[in-house]
Amino acid sequence: SSGNVLVGLFLVMIVTVLMGLGMPTVPAYAITVAIGLPALLELGMNNLASHMFIVYFAVISLITPPVMVGTFAAASIADADSMKAGLSSVKFALLAFVIPYVFILNPDLLIVAVEVPIVELVYYILTAMAGAIFIGMGTGGFALSKLHPVSRVVIIVGGIGLLTPGI
């Protein structure tokens with residue numbers, strides 16, 4: 001990543017998802033921690049936030065293409081079309097793909113050894129909740145009524161902006 005934080009995070013995300021394609025969550029996490037955690041710490045990331053980043057993507061690997069073990073198992077239990085279920089799981093899990101980056105960009109949201117004033121912490125939590133709601137509305141396609149596709153994109157981008165500190 002040549003010191004670029006976003007590229008480093010993306011590469012660790014890819015490695016974690018690839019490790020979890022055919023494995024249970026715990027071994028995928030254990031192997032990726034050995035590989036990815038030193039890289040994240042070298043980039044100056046918070047230790048706990050780095051662990052949470054890797055855990056989230058180890059779990060999310062169960063619903064990500066191409067294997068989607070969890071989604072295909074659920075589809076067979078529900079007697080549903082596995083490809084439609086796979087696309088739906090990725091669409092509705094968009095927020096889950098964003099949350100690990102939020103932990104890295106704003107580790108104060110983990111509320112561990114926080115040295116942030118309580119008012120600022122409440123502000124971070126409320127904006128993160130609003131961002132999560134906006135992303136859910138955008139991916140679901142409904143707010144108070146059905147949303148136009150352009151509105152959905154705007155709401156999703158706004159939700160991601162609310163999750164990102166300083167925007």
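Below, each value reflects all heavy atoms present in this structure, side chains not excepted, and no hydrogens, waters or symmetry copies.
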Subject >> Non-neighbouring partners of V157 that pass side-chain contact (heavy atoms from CB on, under 4.5 Å), sequence neighbours left out >> reply: V153
**OP:** Check the hydrophobic clustering (I, L, V, M, F, W, Y; side-chain heavy atoms under 4.5 Å; chains of links allowed) and say if L126 and I118 are grouped together.
**Re:** yes
Original post:
Which pair of non-hydrogen atoms, one from M83 and one from F72, has the smallest distance, and what is that distance?
Top reply: SD-CZ, 4.4 Å
Original post:
For residues 117-127, which residue pairs qualify under side-chain hydrogen bond (donor to acceptor under 3.5 Å, both in side chains), counting only residues two or more places apart or in two chains?
Top reply: E120-Y124
**OP:** Would you kindly confirm whether L105 and I160 end up in one hydrophobic cluster when ILVMFWY residues are joined by side chain heavy atoms under 4.5 Å apart?
**Re:** no
Donor-acceptor list for residues 132-144 side chains, cut-off 3.5 Å, not counting sequence neighbours:
from : atom 1 : to   : atom 2 : distance (Å)
T139 : OG1    : I135 : O      : 3.0
T139 : OG1    : G136 : O      : 3.3

Subject >> Non-neighbouring partners of A74 that pass side-chain contact (heavy atoms from CB on, under 4.5 Å), sequence neighbours left out >> reply: none
**OP:** Determine whether V55 and I63 fall in the same hydrophobic cluster, where Ile, Leu, Val, Met, Phe, Trp and Tyr are linked whenever their side-chain heavy atoms lie under 4.5 Å apart.
**Re:** yes
**OP:** Quick one: which residue pairs count as a side-chain hydrogen bond (donor to acceptor under 3.5 Å, both in side chains) with a foot in residues 148-162, not counting sequence neighbours?
**Re:** none
Subject >> Within residues 74-89 or reaching into it, pairs that qualify as side-chain hydrogen bond (donor to acceptor under 3.5 Å, both in side chains) - sequence neighbours excluded >> reply: T71-S89
Would you be so kind as to tabulate the donor-acceptor pairs closer than 3.5 Å made by side chains of residues 18-26, with sequence neighbours excluded?
none

Subject >> Flag side-chain contact, heavy atom, 4.5 Å: I54 against V12 >> reply: yes
Original post:
Going by side-chain heavy atoms closer than 4.5 Å, which hydrophobic residues are tied to V7, directly or by a chain of links?
Top reply: L11
Subject >> Results of ring-ring contact (aromatic ring centres under 6.0 Å, His included) for F103 - residues two or more places apart only >> reply: Y56
Original post:
If Ile, Leu, Val, Met, Phe, Trp and Tyr residues are connected whenever their side-chain heavy atoms lie under 4.5 Å apart, and connections chain through other members, are F10 and V5 in the same group?
Top reply: yes
Under 3.5 Å, which donor-acceptor pairs do the side chains of residues 91-102 form with other protein atoms, sequence neighbours left out?
none

Distance-only check: which donor-acceptor pairs under 3.5 Å involve side-chain atoms of residues 28-48, not counting sequence neighbours?
from : atom 1 : to  : atom 2 : distance (Å)
Y29  : OH     : H51 : ND1    : 2.7
T32  : OG1    : A28 : O      : 2.7
N46  : OD1    : L48 : N      : 2.8
N46  : OD1    : A49 : N      : 3.1

Original post:
Same cluster or not: are F57 and I14 linked, directly or through other Ile, Leu, Val, Met, Phe, Trp or Tyr residues, by side-chain heavy atoms under 4.5 angstrom apart?
Top reply: yes
